[in-house]
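As structure tokens, the structure follows; a few thoughts come after it.
First listed ligand is number 1; within each ligand, the first listed atom is number 1.
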Amino acid sequence: MLNKNVAELLNTQVNKEFYSAYLYLDFANFYEAKGLNGFANWYKIQAQEERDHALLFYQYLHNNNETVTLEAIAKPDVKMEGLIDPLKAGLAHEEYVTELIHTIYAAARDVNDFRTTQFLDWFVKEQGEEETNANDLITKMELFGSDPKGLYMLDNELGTRTYAAPSLTL
Ligand code: MG
């Protein structure tokens, strides 16, 4: 059995990761409507990754004989007008998710739950990568996004992203 607080935080994270998937699908939705299919592709794959994250938390809980409660997923709440808006909201969201992961990590560490901290190590690294990617997208958009040819090339670049399953397996 896991510590009750740690188990609750892990269960909440299942929902948070599904919310991330839903939020990124809404970003794809925004770009799709603007005709930027490459940006949409990027965020559809991002949404798939977030669903994978949710399933990893789900599986980790089950592997430790914990029950999982699936709560309602909140409606994506980011207002998007300019083309850079989802990118900036994406960075802010990833910074928020990093805090969530760190909070679970600290809770597990406080009760000497080394199994959970080891499980979360992958997510700590993953969050670093997510923030780097989000920052890079903003930088590229600021550099090239106001020029139609630059935007076209950036959209093509993001269109080449392909889905890869997470390197963490349980
Ligand atoms: Mg995630």
request  = Provide the protein N, O or S atoms situated under 2.8 Å from the Mg ion (ligand 1); waters are not included.
outcome  =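 Correct list: Glu17 OE1, Glu50 OE1, His53 ND1.
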
ask   = Cut-off 3.5 Å, side chains only: do Tyr19 and Asp77 have a donor facing an acceptor?
value = yes

query = Just by distance, with hydrogens left out, do Asn29 and Asp26 show a side-chain donor and acceptor under 3.5 Å apart?
reply =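 On atom types as modelled, these side chains qualify, holding a pair under 3.5 Å.
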
key: Presence of salt bridge, Glu49 and Arg161, under 4.0 angstrom   =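 Yes, charged N to carboxylate O under 4.0 Å.
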
ask   = Can Leu23 be reached from Tyr163 by stepping across I, L, V, M, F, W or Y side chains whose heavy atoms are under 4.5 Å apart?
value = no

query = How about Phe27 and Tyr24: are their ring centres within less than 6.0 Å of each other?
reply =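 Centroid separation for Phe27 and Tyr24: below 6.0 Å.
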
message = So that I know where these two stand, are Tyr43 and Phe30 an aromatic pair - ring centroids less than 6.0 Å apart?
response =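 Distance test on ring centres: not under 6.0 Å, no.
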
